[in-house]
Amino acid sequence: MAESEEEVDVLVQRVVKDITNAFKRNPNIDEIGVIPCPEARYNRSPIVLVENKLGVESWCVKFLLPYVHNKLLLYRQRKHWLDREALVDITSTLLLLNPDFTTAWNVRKELLQCGVLNPERDLYLGQLALTKFPKSPETWIHRRWVLKQFLGQVSAVSCSRKQKQGEVEQVDGELIQQLSDHLARMLHQEMKVCSDAACRYPSNYNAWSHRIWVLQHMAKGNAKVIHNELSSMKLWVSMHVSDHSGFHYRQFLLKELITELSQTAACLSICLPQHWPSTSPHRHSHTQANGELYGAEEDEEDEEAEETEETQRSSSTILQLFHQEIELCSDLIQSFPGHETLWSHRRQVFYLWHHLKKDHQHHCSNGGSQSVRISKSDPPEGSRQDMTRHEHGCVPEPMEVDRASLPDQRDNKRLKRGVLLPASPNLPSEHSFVDRILDSGCVENPPWI
Amino acid sequence: LKSLLFYSGTQVKDVIIKPDAPSSLLLDKHADYIAAYGSKKDDYEYTLSEYLRMSGIYWGLTVMDLMGQLSRMNREEIIDFIKACQHECGGISASIGHDPHLLYTLSAVQILCLYDNVDAIDVDKVVEYVKGLQQEDGSFAGDKWGEIDTRFSFCAVATLALLGKLDKINVDKAVEFVLTCMNFDGGFGCRPGSESHAGQIYCCTGFLSLTGQLHQVNADLLGWWLCERQLPSGGLNGRPEKLPDVCYSWWVLASLKIINKIHWIDKAKLRTFILACQDEETGGFADRPGDMVDPFHTLFGVAGLSLLGDEQIKPVNPVLCMPEDVLQRVGLQPDLLS
Ligand SMILES: [Zn+2]
C-alpha cells in the first residue's frame, strides 16, 4: 500500500487516469459504486469495470479523495496550475466520490461556459453520481443550471428568428426543429433520471422537486406532456403508497392539467353535473348534492346547445380526472390501510375539486370579469391561471391533449353516448367513504389511543 | 412495546426506544465531544465535509454557547478563518478556496455575532453581496450561479437582520415570493409548486417572522400539519411517513414555537425521544437512537431541549437558532405569534 507522499501522488494519478479510461472504454456506464475491499491487491487497478458498472475499491478512496480535493482547491486559490483536460478529469473523479462539493461543480460550469465541456457529458456525470447519491442537492442544483443554459440558447435562437425575416427563415426553421427535438430528448432524459433517483431513495424531495422544475421550465403549459406524466405516474404511485413526494408530484400534475383544461372549458361547462343532458342517470342526485353550492339554474339548459363539443370535452375531462383520482385513492386506501400519504393525497384532491367549484361560483357571481385561481399559492401573473371564461361565444383554443390517451377510453365512449357520467366528489360522498373505511375494520385505532 | 408499531399489518415508520436508552441530559459529555471534534481531523472525513465547514463551525459554537462552554473554543483561530473566507464580492465561503455562498455567509455572520465581532469582516460588502442576489420576483439566488430556493430567502433576511440592514433589500417583493411557495396544507416548499417540507417550513416561517409578516401564515392549518409530524416514539419527522429525526424535531418544534402552537404536541414524549438520541459513551446526539453522533444533530438536540424548557441550557431563539442573550446584545427580537 502506498504511504509516502510521492507514492500517493503516483497512485492517485494512475487511478484518475484509470477512471477516465474506463469511461472511454465504455461510454455506457450506468452505475457507480464503492467495492468493499480494505487492502490493495498487488498489481491490480482499484478501478473495476463490470458490464456497465464502474466500481472503485474502498481502500483507495481514502487516498484518492483528499488528493483530488486538495488539488482542486489549490487550483482555485491560483496556487497550482491545471490544464482544462486535467480539470475535467479531476472534477469527474471528485464529484463521483463527493457530489455535494459545490465548488467542483462550479469549476465545471466555467468549463461549460468556455465550451471545453459538452453539456450532455456533464449531465451524464451527474446522472452517475445520483446512482450512488440519489439525494445530493448540489448535483440536482447543477443540473438545473446546465438545463437553464440550454433553454437560454433555445429561446435566443427563437428570438433572433422572429427578428430576422425573409430568406434566412428556412435555415432557421430547420435549426428550430433540431432544437425542439433536442429539447424533447432532454426532457425525456430528465424524467428518467428523476425516476431512477426516486426509486433509489423513497420520498426523495430533491428528485421530485427537480421533476416539477423540469416541467415548469421545459414543458410549461404542454397538456400532452403533463397528461402523459399523469398516466405513467399512476402505476408508480400504486407501487409506492408511502411515497409522499411521488403523490405530491401527482397532485402537481393534476393541478397543472386542470389549469390547462380549464382554459378551454367555458364557465358553464364546469358546472357540468347539473347541466349535463338529462340522459345522465346521475344528474338528479347531483343537483341535490351540489344544489347548495351551485344553486339551481335549470333554465340554463337551453344554452347548452351553444357550447362547442371541444368545450364539453375539456369539462368532462376535468370531471373524469377527479372521478378517477378519487377512485384511485379509494382503491389504494382499501388495499393498503393506514398510510398517511394516501389520506393526505385524498385530502388534496378533494381540496382541489372544492376550490375549483368555489372559484367557479365566485367567478360567476362576479360577472366573469375576474380571473380565478385554483389556490392562493398560485403565482398571480399569467393568463394560464384563468380557470374559467364566461363568454359563451368564445372560441376555445386548440387542445394539445392526445385524444387516444385520454383517461379511460371506456368512460369516454360512455360519455359520448351520454349514458353515464361519473359522480363528482362531494362532502356527503366523502363522509360515507370515511364511514365505510371505519366500519370495514381496514383501519383500527392505533393501540396507544 | 413492539406491538405499538404495528396495526392492521401496516408498519408505522418509527423507532423503538429501548428501556435502557439515555433518559437524562449528559451536558458535560456533549461539551467534551464538541471541543474534541475539531482537533481530530481524519483526512478523509474532514475532506468529505469541508464543503460545509463554516456551517459546521456555527453548529459547534452555538451548541457550546447554549451549554455555557463557548470559551473552550479557539476564538482567534476561528475569526481569522472567517476573514480568510470572505471573497472580493463580499460573500463568504464554507472554507478557504471554496466559492462563496449565502448559506455560509449566514453561518459566518452568526458565528461573529456569537463572538460579538461582526466588524472582523467587511460588513458593507456582505450587504452588497446579499442585495445583489435578490431577483426581480423577490426570490434569492444562493450564489452567482442562480439557484432559487426559499432557504436562500431565509439566509438573506437572517444575515441582513443580524447586521441591522434589512432595509437594503426589497422586503415586500421577497415576502411576495415566499408566499407563492405556500401550499394548500399550510406548509411551504423550496419553490412554487414544491412539496411542503419541515426544513423549508422552518425557513419560511423564520423568514416571515424576521420580515414582520407572520400574520400571512395560516397558523391553524400549518400547526395541524406540523403537529401531525409527531410519531408514537415522541420524535418528529419532516414529512409524512418518514422516520423521526432529531434535526426535524428542531425544525418542526421551532416552527410550532414561531406560530405559537408548541402546546399541540406531546412535549414530554419529544423530550424522551431527543434524550434517547444521545450517545452515553462518546457524547453528542445522533439523528435517531443508536446511530452515529455528529455536531449537526448535537446542536439541534440541545436546542430542541432548550425550546422544551430545559433550564440547564440557555434559552434559544427559535427563528435564528442562537442563544437569546446573543440576540439581545445584537438588538434583534424576531416576531412570534401570540
Ligand atoms: Zn437529521
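Numbered from 1 within each chain, the chains take letters A, B, ... in sequence-line order. Just so it is clear, the values below take in all heavy atoms, side chains as well, and ignore hydrogens, waters and symmetry mates.
- For a residue to count as touching a neighbouring chain, one of its non-hydrogen atoms must lie under 4.5 Å from one of that chain's; by this rule A:V68 does not touch chain B.
- There is no contact between B:L52 and chain A, counting heavy-atom distances below 4.5 Å.
- In this structure, chain B has heavy atoms under 4.5 Å from both the backbone and the side chain of A:F101.
- Residues B:E195 and A:S209 form no side-chain contact, since every pair of their non-hydrogen atoms from C-beta on lies 4.5 Å or further apart.
- In terms of heavy-atom pairs under 4.5 angstrom with chain B, the leader among A:T341, A:L72, A:N106, A:N70 is A:N106.
- Atom CG of A:D100 sits about 4.0 Å away from atom OH of B:Y51, to the nearest 0.5 Å.
- Taking a cutoff of 4.0 Å between a charged side-chain nitrogen and a carboxylate oxygen, A:K148 and B:E147 do not qualify as a salt bridge.
- Using a 4.5 Å cut-off between heavy atoms, B:D143 touches chain A through its side chain atoms alone.
- For the atom pair B:D149 CG and A:I141 CD1, the distance stands at 7.0 Å (nearest 0.5 Å).
- Between A:Q251 atom CD and B:D185 atom CG the span is 8.5 Å, to the nearest 0.5 Å.
- Side-chain contact of A:S203 with B:K242: a donor-acceptor pair under 3.5 Å is absent, judged by distance alone.
- Contacts of A:Q216 with chain B are made by side-chain atoms alone, with heavy-atom separations under 4.5 Å and no backbone atom involved.
- At least one side-chain heavy atom of B:C190 sits less than 4.5 Å from a side-chain heavy atom of A:Y205.
- A donor-acceptor pair is defined here as one N or O able to donate and one able to accept, closer than 3.5 Å; no such pair exists between the side chain of A:Q77 and the backbone of B:H98.
- Of the two parts of A:Q113, only the side chain, counted from C-beta on, holds a non-hydrogen atom closer than 4.5 Å to a non-hydrogen atom of chain B.
- With values rounded to the nearest 0.5 angstrom, A:L65 atom CG is found 5.5 Å from B:T47 atom OG1.
- Neither the backbone nor the side chain of A:W208 comes within less than 4.5 Å of any heavy atom of chain B.
- Under the 30°/60° scheme for interplanar angles, the aromatic rings of A:W145 and B:W145 are found to stand perpendicular.
- Both tests pass for A:R347 against the ring of B:W224: distance under 6.0 Å to the centre and angle within 45° of the axis.
- Between the CZ atom in A:R211 and the OG atom in B:S194 there is a gap of 14.0 Å [rounded to 0.5 Å].
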Exercise. So A:H244 and B:E241, side-chain contact (heavy atoms from CB on, under 4.5 Å) or not? Walk me through it.
Worked result: CA-CA 7 Å; A:H244 194 263; B:E241 300 202 58; 5.9 Å; no
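- Residue A:F150 qualifies as enclosed at atom CZ: its count of foreign heavy atoms under 6.0 Å is above 12.
- Between A:V61 and B:Y44, some side-chain heavy-atom pair lies under the 4.5 Å cut-off.
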Problem set entry | Pair B:R229-A:E340, salt bridge (charged side-chain N to carboxylate O under 4.0 Å, His left out): steps then yes or no | CA-CA 11 Å; B:R229 301 300 106 239; A:E340 192 181 357; 3.2 Å; yes
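- Interface remark: B:E228 contributes backbone and side-chain atoms alike to the contact with chain A (heavy atom separation under 4.5 Å).
- Atoms NE2 and CG, on A:H69 and B:L48 in that order, are 9.0 Å from each other to the nearest 0.5 Å.
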Exercise. Should B:E50 and A:L73 be marked as a side-chain contact (heavy atoms from CB on, under 4.5 Å) after you check the CA-CA gap, both sets of side-chain angles, and the distance that decides it?
Worked result: CA-CA 11 Å; B:E50 200 192 359; A:L73 288 178; 3.4 Å; yes
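- A:Y351 and B:F184 have their aromatic ring centers within a separation under 6.0 angstrom.
- For the pair A:R144/B:I148, no side-chain contact is recorded, criterion being any heavy-atom separation below 4.5 Å from C-beta on.
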